[in-house]
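These numbers were taken from a predicted model, which means no experiment stands behind them. Lettering follows sequence order; numbering is per chain, from 1.
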There are 2 protein chains.
Amino acid sequence: MKRVSIKDVALKAGVSTALVSYVLNDRHTNRISKLTAEKIKNAAKELNYRPNSIARSLKAKKTNTIALLVADIANPFASQIARIIEDEISIKGYVILIGSSDENAEKLHQLIDIFLNRQVDGFIILPVEGSEKYILDLAKTKAPVVIIDRYFNNMDLPVITTNNYGAAYQATEHLIKRGKKNIGLLTFKTELIHLNERVNGYKRAVLDKGLINKSENIKYINETNIDVEVPNAIDELLSNEDKIDALFFATNKLALAGLRKLMVLNIKIPEELALITFDESEAFDIFKVPVTHIKQPLYEISKEAVEIITGMIEDKNLKFKPRVYNSKLIIKQSS
Amino acid sequence: MKRVSIKDVALKAGVSTALVSYVLNDRHTNRISKLTAEKIKNAAKELNYRPNSIARSLKAKKTNTIALLVADIANPFASQIARIIEDEISIKGYVILIGSSDENAEKLHQLIDIFLNRQVDGFIILPVEGSEKYILDLAKTKAPVVIIDRYFNNMDLPVITTNNYGAAYQATEHLIKRGKKNIGLLTFKTELIHLNERVNGYKRAVLDKGLINKSENIKYINETNIDVEVPNAIDELLSNEDKIDALFFATNKLALAGLRKLMVLNIKIPEELALITFDESEAFDIFKVPVTHIKQPLYEISKEAVEIITGMIEDKNLKFKPRVYNSKLIIKQSS
DNA sequence: CTGAAAGCGCTTACAG
DNA sequence: CTGAAAGCGCTTACAG
């Protein structure tokens with residue numbers, strides 16, 4: 001089963017490969033005779049010719065391929081972004097190579113290497129903790145890079161993200177307006193800035209509204225041990241004599257673990273305990289009461305990432321400025 | 001910013017490109033002098049040389065790339081499979097190109113075309129309704145193809161799936177053993193065999209256990225209109241004088257829409273209405289009561305798909321037999 | 001032990 | 001209007 005090449009088409013049509021290339025790519029067709037063009041098209045069709053993108057890429061030094069490197073493709077947050085990006089970018093004639101770094105900086109490093117060798121035209125990266133140096137090294141190769149969602153400070157790269165600080169502030173403020181006075185926060189123990197910004201937004205709102213920040217109200221969970229630490233943290237937050245009357249989950253994963261725990265506790269929501277969480281989940285609507293959450297602008301982030309990466313590919317000197325999109329607080333019965 | 005090629009390395013090391021290729025690929029190294037090998041390795045390192053996979057692919061007629069074409073990457077079912085496949089296949093040195101056909105046969109057709117042109121070494125496909133002919137056309141090109149999850153009859157292709165009929169039978173039987181006598185079923189209006197097998201399993205179990213199949217107990221939902229039709233269907237199922245005492249959801253998407261509806265109804269679960277659903281979801285654990293569900297063997301299916309596709313790539317005449325993995329009924333309080 | 005050369009399947013500047 | 005030829009960056013059979 002030999003693949004048919006442009007040579008076979010040329011042979012069959014009795015012309016040179018150059019003409020075949022021109023006709024099939026619709027170039028210089030004004031100076032090619034109609035008859036020849038017809039012959040070529042027919043030959044191509046009869047032989048069921050398909051152009052070899054690999055050969056074309058080699059010649060053109062462009063693969064029309066973009067690497068999308070996410071922290072975990074099985075996380076709905078990432079898979080939804082992947083779907084939108086895939087849709088948007090295919091309109092522009094690109095294809096997405098997805099890599100899932102499994103929250104592991106070393107794996108991200110490997111993926112970057114593999115995709116550099118594969119000559120992708122650009123990278124859209126949702127970084128993981130500790131991956132800063134690999135991303136900076138990548139940027140040094142002059143490969144176009146766009147960072148989404150998570151980010152690092154002082155990176156001279158296009159960053160597209162949501163207003164983590166502001167959204168957390170708004171959510172906390174909302175709880176306080178509802179009369180809550182002692183708000184717990186569950187977050188990850190991490191150096192990731194976007195998460196720590198959420199903590200900062202929470203703290204600031206507490207302060208601004210005349211409440212006090214108690215360090216024992218913030219629980220830092222190890223990502224790798226969620227299922228044990230989240231229930232424990234909730235037990236602690238609720239067992240203080242000064243127990244919390246509202247709980248803020250900093251991510252969807254934390255919320256899911258937390259809601260599972262709260263299922264088995266006999267607590268009135270929102271009267272005894274109000275709930276609010278970052279991110280969305282198909283689960284939030286079917287909890288005891290639907291859960292108030294912060295809806296991130298996935299569509300805007302994804303679309304902007306596509307715009308910028310394709311823009312950078314076409315114009316290496318493209319100026320960019322970081323984009324911060326606002327999240328939306330979706331108020332439900334849990335608060 | 002010129003990319004450094006094997007020529008640059010050869011020049012710097014003062015040898016031919018052939019030697020560079022041999023050394024860097026660890027071939028014929030036994031007949032290359034240590035000194036030369038050192039020189040080459042150093043030159044490559046100093047120049048920060050990276051082999052161009054595209055050029056290699058062109059020469060080798062192998063891209064080490066596999067297309068994974070799913071119905072919807074944003075569906076957790078697909079994104080979990082994607083993650084497992086990505087992990088497994090990277091061990092074997094392949095990279096996954098993901099395409100999401102959005103439950104649209106035409107889009108799947110386009111994706112197949114694009115990926116054929118890109119010379120992927122093989123396809124793992126989760127088909128959509130109406131895509132049978134495109135998949136058969138693809139198979140005719142002799143490209144290795146593995147079908148997962150959904151399938152068509154009489155396709156001489158490796159199909160890896162779960163025991164849809166048996167799992168639905170078991171689930172229905174379980175409900176009947178719990179004393180339920182009038183079981184509703186929500187499924188999609190579709191020609192997809194795997195779903196209709198679920199209906200068949202349900203019907204057979206009803207029959208075998210001495211109950212009667214009532215056509216009004218099965219509701220066929222239009223995929224595109226879930227959020228309207230599911231609540232309506234549930235209203236109907238519950239408003240009969242002879243109303244149902246158990247409800248079986250044929251997929252996770254149907255279950256989610258159904259659970260949202262049941263949230264607002266005042267029904268005792270499982271006493272008045274027992275629930276059971278195909279697939280998993282992070283949501284099922286936090287419903288009023290955790291939901292009994294059929295856990296499909298995602299890991300086994302994914303791993304087997306990787307084994308078969310890589311096997312077929314390495315040996316075009318590989319014999320395969322369809323593999324059916326058993327699902328597992330996870331019994332929770334909803335039944 | 002090493003190098004010159006062909007070739008993978010395209011595109012494109014050039015010559016006629 | 002059309003063709004011969006070079007070249008993208010590799011690999012590899014062959015010759016020495």
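Looking at the side chain of A:Val15, the nearest of the listed nucleotides D:dG3, D:dC10, D:dC1 is D:dG3.
If you check C:dA4 for Watson-Crick or wobble pairing at under 3.5 angstrom, you find it has no partner at all. Here C:dA13 sits opposite no nucleotide as a Watson-Crick or G-U wobble pair (both hydrogen-bonding atom distances under 3.5 Å).
Judged purely by atom type and a 3.5 angstrom limit, A:Arg50 has no side-chain atom pairing as donor or acceptor with the backbone of B:Ile114. A distance-only check finds a donor-acceptor pair linking the side chain of A:Lys107 to the backbone of A:Ser100 [under 3.5 Å].
Checking B:Lys62 against B:Asn64 by side-chain atom types alone, a donor-acceptor pair falls below 3.5 Å.
Using a 4.5 Å heavy-atom threshold, the side chains of A:Leu138 and A:Ile125 count as touching. Residues A:Thr161 and A:Ile148 form no side-chain contact, since every pair of their non-hydrogen atoms from C-beta on lies 4.5 Å or further apart.
An OP1 or OP2 oxygen of C:dT2 is reached within less than 4.0 angstrom by a side-chain nitrogen or oxygen of B:Thr36.
Within 6.0 Å of CG in A:Asp315 there are more than 12 heavy atoms belonging to other residues, nucleotides or ligands.
Summary of the strand contacts: B:Ser33 and B:Ala55 both lie near DNA chain C, and taking for each the nucleotide with the nearest heavy atom, the more 5' one is attributed to B:Ser33.
In this structure, A:Leu58 places its CG atom 13 Å from C1' of D:dA6, rounding to the nearest Å. Rounded to whole Å, atom C1' of D:dG3 lies 12 Å from atom CD1 of A:Ile40. Here the P atom of nucleotide D:dC10 and the NZ atom of B:Lys62 are 18 Å apart, to the nearest Å. Atom CG in A:Asp8 sits roughly 8 Å away from atom P in C:dG9 (whole-Å rounding). Rounded to whole angstrom, the span from the NZ atom of A:Lys7 across to the P atom of C:dG7 amounts to 8 Å. We find that NZ of A:Lys61 is positioned 13 Å from P of D:dG7, with the value rounded to whole Å. Note: CG (B:Leu47) to C1' (D:dG9) measures 15 Å, nearest angstrom.
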Handout entry: nucleotides 11-16 of chain C: protein proximity per nucleotide (B base, S sugar-phosphate only, - neither; heavy atom, under 4.0 Å)
Key = BBB---
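Using the six-membered ring where Trp is involved, A:His109 and A:Tyr134 have ring planes that are parallel, under 30° apart on the 30 and 60° scheme.
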